[in-house]
Amino acid sequence: MPELPEVETVRRGLSPVMQGQRIVSAAVNRPNLRWPFPSGMAARLTGATVTALRRRSKYILADLSTGETLLIHLGMSGRMLVSGAMPGRFHHDHPAPQKHDHVVLDMDGGARITFNDARRFGAMDLMPTETADIHPLLAGLGPEPLGNGFSGDYLSDRLAGKLTPIKSALLDQRIVAGLGNIYVAEALFRAAISPRRLAGNLGSARIARLIPVIRDVLSEAIEAGGSSLRDYRQADGELGYFQHTFRVYDREGQPCPTPDCGAAIVRIVQSGRSTCYCPRCQR
DNA sequence: ATGGGGGCCTGCCGGC
DNA sequence: TGCCGGCAGGCCCCCA
């Protein structure tokens, strides 16, 4: 579910209650999510201090004082709930355990972090920090879309000759890491590029439009998450979901937001995923 | 090599 | 009201 902006929002929400703090206890309530948890995960987490909380693509990486790094992926339905002590906030009691609370971390600052994931497409793993880059889930990832490695030259190179639709190419995490179904749709709309256009057939002008538009869409969503983060923290501590207004995603049949366009947003299916777009504005 | 489809899970929503 | 099919923001794996 969460794409890069949501994961970054979760990371920022966890940072004040995890970074520099020690895990005093770890409860692991089932043997696996998408894959088995690493052996002895609870014991390997207990007593460790979180020295850094990073993000790579849609993964959160918690570096530990033990020399290991905890990898967290939220999958489609993973959520992080923060309860108990939070800096600058009133302390409150922990809520009653919920269905699908799979991993619970208690920090020495008093915060409790609960990983809840109904569909269990999420994942957790532990690895030596120095080998995090070559973890199987991270090794093949393309550049961060907000980083310098994601340029017009790079993208032209990667899309050249590709016969797959640009929509599918942008979902390919080996090409660019962190985009998902929503933000690809939003970026293609803003760049006025049809999701059906073949990736190898974009041309330099469209590629040049796409780069800043992707950055804008993600940056705006992160900002929106940052503001809603405060609300969530006041409300129930739930991280990872925030309401954001989309221009085409999930707006099938509604009018295109472009002034005077008048066309209706259309939904098609590409590689098994739904795509929403304006057939008039996007070419 | 590359692209497309299946599968993993549970929850929710709309239609009958 | 209840049941059922379809769908969901991800990603690995297999097959052609």
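Values below: every heavy atom of this structure, side chains too, minus hydrogens, waters and symmetry copies. Every chain is numbered from 1, with letters handed out A, B, ... down the list of sequences.
The interatomic distance linking A:N32 (CG) with B:dC8 (C1') rounds to 11 Å, in whole Å. Rounded to whole Å, the distance from CZ on A:R79 to C1' on B:dC9 is 15 Å. Atom CZ of A:R196 is separated from atom P of B:dG4 by 13 Å (rounded to the nearest Å). Rounded to a whole Å, the CG atom of A:D117 is 12 Å from the C1' atom of B:dC8. Atom CG in A:L163 sits about 6 Å away from atom P in B:dG3, given to the nearest Å. Look at CG on A:L171: it is 14 Å from P on B:dG5, rounded to the nearest Å. Between the P atom of C:dG10 and the NZ atom of A:K167 lies a distance of 9 Å, rounded to the nearest Å. We find that CG of A:N116 is positioned 13 Å from P of B:dT10, with the value rounded to whole Å.
With DNA chain C read from its 5' end, the first of the two nearest nucleotides for A:K58 and A:G272 is the one closest to A:G272.
Taking 4.0 angstrom as the limit, A:H100 places none of its side-chain polar atoms (N or O) nearer than this to OP1 or OP2 of B:dC9. Taking only side-chain nitrogens and oxygens, A:Y249 comes nearer than 4.0 Å to OP1 or OP2 of C:dG9. For the pair A:K99 and B:dG11, the criterion of a side-chain N or O lying under 4.0 Å from OP1 or OP2 is met. Checking the phosphate oxygens (OP1, OP2) of C:dG10, no side-chain nitrogen or oxygen of A:H73 falls inside 4.0 Å. Considering only side-chain N and O atoms, A:R119 lies nowhere under 4.0 angstrom from the phosphate OP1 or OP2 of B:dG11. When the side-chain nitrogen and oxygen atoms of A:K162 are compared with OP1 and OP2 of B:dT2, none of them lie within a distance under 4.0 Å. The side chain of A:S168 contributes no N or O atom lying less than 4.0 Å from OP1 or OP2 of B:dG3. A:S271 has no side-chain polar atom (N or O) that falls below the 4.0 Å cut-off from OP1 or OP2 of B:dG3. Contact between the side-chain N/O atoms of A:R273 and the OP1/OP2 oxygens of C:dG10 is found at a separation under 4.0 Å.
Under the 3.5 Å distance criterion, with hydrogens and angles disregarded, no donor-acceptor pair is assigned to the side chains of A:N116 and A:K99.
Counting all heavy atoms, side chain and backbone alike, A:H73 lies closest to A:F115 at O-CZ, 3.8 Å. The two residues A:L210 and A:A187 make their nearest non-hydrogen contact at CD1-O, 4.3 Å.
B:dG11 and C:dC12 are spaced 23 Å apart, taking the C1' atom of each and rounding to whole Å. A distance of about 24 Å separates the P atoms of B:dC9 and C:dC3, rounded to the whole Å. Separating the P atom of B:dG5 from that of C:dC7 is a span of 14 Å, rounded to the nearest Å. Only the C1' atoms considered, B:dC12 is 22 Å distant from C:dC11, to the nearest whole Å.
Note on A:I23: it clusters hydrophobically with A:L53, by side-chain heavy-atom contacts below 4.5 Å among ILVMFWY residues.
Only one option out of A:E3, A:E6, A:E8 pairs with A:R55 in a salt bridge (Lys or Arg N to Asp or Glu O under 4.0 Å); it is A:E8.
Comparing B:dG11, C:dC11, C:dG10 by their closest approach to the side chain of A:E3 singles out C:dG10. With C:dC11, B:dG4, C:dG9 as the candidates, the nucleotide lying closest to the side chain of A:P165 is B:dG4. Closest to the A:Y59 side chain, of the nucleotides B:dG4, C:dC12, C:dG10, is C:dC12.
Across every strand in view, C:dT1 sits unpaired, with no contact that passes the Watson-Crick or G-U test at under 3.5 angstrom. With both pairing distances under 3.5 Å, B:dC9 is matched to nothing as a Watson-Crick or G-U wobble pair.
Looking at heavy atoms from C-beta onward, A:L74 lies out of side-chain contact with A:K58 at the 4.5 angstrom threshold.
Counting atom types as modelled, A:R34 pairs a side-chain N or O with a base atom of C:dC11 as donor and acceptor under 3.5 Å.
In this structure, the separation between CD on A:Q282 and CZ on A:R196 is 11.5 Å, given to the nearest 0.5 Å.
Within the nucleic acid shown, A:R267 comes within 4.0 Å of sugar-phosphate atoms alone, with no base atom in reach, counting heavy atoms only.
In this structure, A:F121 forms an aromatic stack with the base of B:dC8, since both conditions hold: centre separation below 5.5 Å and plane angle below 30°.
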